[in-house]
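One structure is given below, encoded as structure tokens.
All heavy atoms count here, side chains included; hydrogens, waters and symmetry mates do not. Residue numbers run from 1 in the order of the sequence given.
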Amino acid sequence: MGALCSVIRFENLQELKRLCHWGPIIALGVIAICSTMAMIDAVMWYWPLDTTGGSVNFIMLINWTVMILYNYFNAMFIGPGYVPLGWKPEKSQDCMYVQYCKVCQSYKAPRSHHCRKCNRCVMKMDHHCPWINNCCGYQNHASFTLFLLLAPLGCIHASFIFVMTMYTQLYNRISFGWSSVKIDMSAAKRDPLPIIPFGLSAFAASLFALGLALGTTIAVGMLFIIQMKVILRNKTSIESWIEDKAKDRIQYYKTGEIFIFPYDMGSKWKNFKQVFTWSGIPEGDGLEWRVREGCHQYTLTIEQLKQKADKRVRSVRYRAVEDYSGACCPVTKGVKTFFTTPCTEEPRIALCKGDLILATRGLKHWMYGDKVLDSTTDGTKQLLLIILQEANLVIVLAV
């Protein structure tokens with residue numbers, strides 16, 4: 001019993017460590033600033049609590065904050081759900097249709113992918129979100145999407161409070177001259193006078209909070225639209241990418257295949273109900289899934305195996321011509337190298353001169369690939385940064 005309690009406390013401590021990351025710190029900071037300033041502005045200068053409208057407005061602001069934080073912490077601490085360690089298909093012959101994860105020492109269930117940040121295979125993985133410092137997947141997809149919906153709505157309400165506060169407080173303080181505009185911030189010209197005058201510091205704080213609220217509304221609102229598009233097709237962001245690559249592969253090799261995404265139920269409402277349920281628990285167990293007619297459990301995993309084989313065929317080998325420590329910002333490699341480093345948390349692997357790299361895809365200054373170890377690849381997709389030199393040499397700086 002004592003050992004079990006120790007394990008539970010350790011796991012809870014590990015979960016709380018998720019808060020010690022730049023993503024949750026920034027996200028919670030924005031929520032705290034916008035909600036606090038909206039309440040202060042409303043109560044002190046725009047809509048006092050001694051009116052019915054002011055009381056309702058204040059309750060709505062608290063309601064937005066509670067719902068946003070509830071879904072945010074649900075998405076963070078409930079987590080996406082992980083494939084059990086040692087998992088394999090019930091029928092041994094089905095093992096040939098799924099990939100094997102060397103890190104988790106188990107087969108990857110359909111729709112699951114290995115996350116390097118979480119160091120586990122995630123059920124129905126959509127992506128790893130730095131703002132919750134966790135993956136978005138099977139168990140927390142609904143909570144994460146609700147957070148993406150509620151955060152912009154709450155910020156729109158807060159933005160209205162900020163704008164109306166500044167408008168009502170500055171309306172009688174602005175005087176127009178022939179060639180100038182003057183704002184008198186010395187005292188409030190309002191009857192009755194507020195307990196605390198709306199001064200320059202209050203104006204600056206409200207303006208700053210307005211900027212955060214508007215930026216959050218646009219950025220998070222766009223993420224919500226993206227998430228809803230994939231949910232209504234019963235896909236994840238990764239599966240949308242796999243489907244696009246399937247079409248490219250079929251067109252490139254002219255195989256005449258017709259790839260049908262197996263999890264689209266044919267109705268947006270049916271797809272919606274796969275994620276959002278009244279009980280809050282998504283359909284299924286995260287390992288086996290309902291599939292459309294003409295498909296089976298391993299339709300998507302077989303396509304993934306084909307793409308993986310195709311990736312090996314089309315990969316290009318590079319050789320590192322300089323040592324690299326694996327640092328995130330390669331300061332010692334020159335100014336150009338430093339400023340073309342991609343802004344991503346993808347891990348870099350230290351390289352020694354002469355190491356072989358198997359590049360599978362890339363953009364202008366960086367690419368993804370595998371480091372070749374003993375004439376084999378470790379099967380882990382890593383980040384490569386390629387810098388072209390004047391002598392037409394390619395220096396692989398990171399994997």
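For the pair I242/H113, a side-chain contact is recorded, criterion being any heavy-atom separation below 4.5 Å from C-beta on. Under the 4.5 Å side-chain criterion, counting only non-hydrogen atoms from C-beta, P110 is not in contact with L300. At a threshold of 4.5 Å between non-hydrogen side-chain atoms, the residues T65 and M39 count as touching. Contact annotation: the side chain of T145 approaches that of F276 to within less than 4.5 Å [non-hydrogen atoms, C-beta and beyond]. Here the side chains of Y100 and K88 are not in contact, with every heavy-atom distance at 4.5 Å or above. With a 4.5 Å cut-off on side-chain heavy atoms, L149 and F224 count as touching. Two residues are said to be in side-chain contact when any heavy atoms from C-beta on lie closer than 4.5 Å; F147 and I68 meet this criterion. No side-chain heavy atom of E90 sits less than 4.5 Å from a side-chain heavy atom of L287.
Between the side chain of S240 and the main chain of T236, a donor-acceptor pair closer than 3.5 Å is present. Between the side chain of N234 and the backbone N or O of Y263 there is at least one donor-acceptor pair closer than 3.5 Å. The backbone N or O of M76 lies less than 3.5 Å from no partner atom in the side chain of N140, so there is not a single donor-acceptor pair. Distance alone, capped at 3.5 Å, is enough to place a donor-acceptor pair between the T168 side chain and the T165 backbone. Listed for the D244 side chain is no donor-acceptor partner under 3.5 Å among the backbone atoms of W241. Remark: the backbone N or O of V83 is paired with a side-chain donor or acceptor of R120 at under 3.5 angstrom. Side-chain N or O atoms of S315 include none that pairs as donor or acceptor with a backbone N or O of A359 at under 3.5 Å.
Relative to the ring axis of F259, R249 does not place its NZ or CZ within 45° and under 6.0 Å from the centre. No cation-pi contact links R233 to F261, judged by a cut-off of 6.0 Å to the six-membered ring centre and 45° from its axis.
Taking the six-membered ring wherever Trp is involved, the centroid distance between the rings of W45 and F203 does not fall below 6.0 Å.
Heavy atoms from other residues, nucleotides or ligands lying under 6.0 Å from OH of Y97 number 12 at most. Dense packing is recorded around CD of Q105, with more than 12 heavy atoms of other residues, nucleotides or ligands lying under 6.0 Å away. For Q93, the CD atom is densely surrounded, since the number of other residues' heavy atoms within 6.0 Å is greater than 12. Atom CZ of F208 sits in a sparse spot, with 12 or fewer heavy atoms from other residues, nucleotides or ligands closer than 6.0 Å.
Linking ILVMFWY side-chain heavy atoms closer than 4.5 Å, directly or via other members, places M44 and L61 in two distinct hydrophobic clusters. Under a hydrophobic-cluster definition in which Ile, Leu, Val, Met, Phe, Trp and Tyr are linked whenever side-chain heavy atoms come within less than 4.5 Å, directly or via other members, L232 and W269 are assigned to the same cluster. Under the 4.5 Å side-chain contact rule for hydrophobic residues, I78 and I132 do not share a cluster. Criterion: ILVMFWY side-chain heavy atoms under 4.5 Å apart, direct or through other members. Under it, I40 and F162 are part of a common hydrophobic cluster. Note on L305 and L358: separate hydrophobic clusters, where clusters join Ile, Leu, Val, Met, Phe, Trp and Tyr whose side-chain heavy atoms are under 4.5 Å apart, directly or indirectly.
One distance of note links CG of L223 with CD1 of I218; it measures 12.0 Å at 0.5 Å rounding. The distance from the CE atom of M123 to the OG atom of S112 is 9.0 Å, given to the nearest 0.5 Å. To the nearest 0.5 Å, the span separating SG on C34 from NE2 on H157 amounts to 13.0 Å. To the nearest 0.5 Å, atom CD1 of residue I231 and atom CG of residue D126 are 8.0 Å apart. Between the CG atom of L212 and the OG atom of S159 there is a distance of 9.5 Å, given to the nearest 0.5 Å. Between K273 atom NZ and M265 atom CE the span is 11.5 Å, to the nearest 0.5 Å.
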Verify side chain to side chain contact (heavy atoms under 4.5 Å, CB included) between I250 and K306, making sure each step is shown before the conclusion. CA-CA 10 Å; I250 292 170; K306 291 179 180 179; over 6 Å; no
Given side chain to side chain contact (heavy atoms under 4.5 Å, CB included), test S237 with Q227 step by step and report yes or no. CA-CA 8 Å; S237 301; Q227 282 298 310; 4.0 Å; yes
Just do the side chain to side chain contact (heavy atoms under 4.5 Å, CB included) check on F160 and Y46 with the steps written out, would you? CA-CA 11 Å; F160 173 78; Y46 176 58; 3.9 Å; yes
Which is it for V275 and E283 under the side chain to side chain contact (heavy atoms under 4.5 Å, CB included) test, yes or no, and what are the steps along the way? CA-CA 7 Å; V275 177; E283 285 197 11; over 6 Å; no
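Contact between C118 and C135 at its shortest, heavy atoms only, is SG-SG, 3.6 Å.
Relative ring orientation between Y138 and W289 is described as perpendicular, the plane-to-plane angle rising above 60° on a 0-90° scale split at 30° and 60°.
Using modelled atom types, one finds a donor on one side chain and an acceptor on the other under 3.5 Å when comparing N271 with D264. Between the side chains of Y253 and D310, at least one donor N or O lies within less than 3.5 Å of an accepting N or O.
Here E239 pairs with R111 in a salt bridge; the nearest charged N to carboxylate O distance falls below 4.0 Å.
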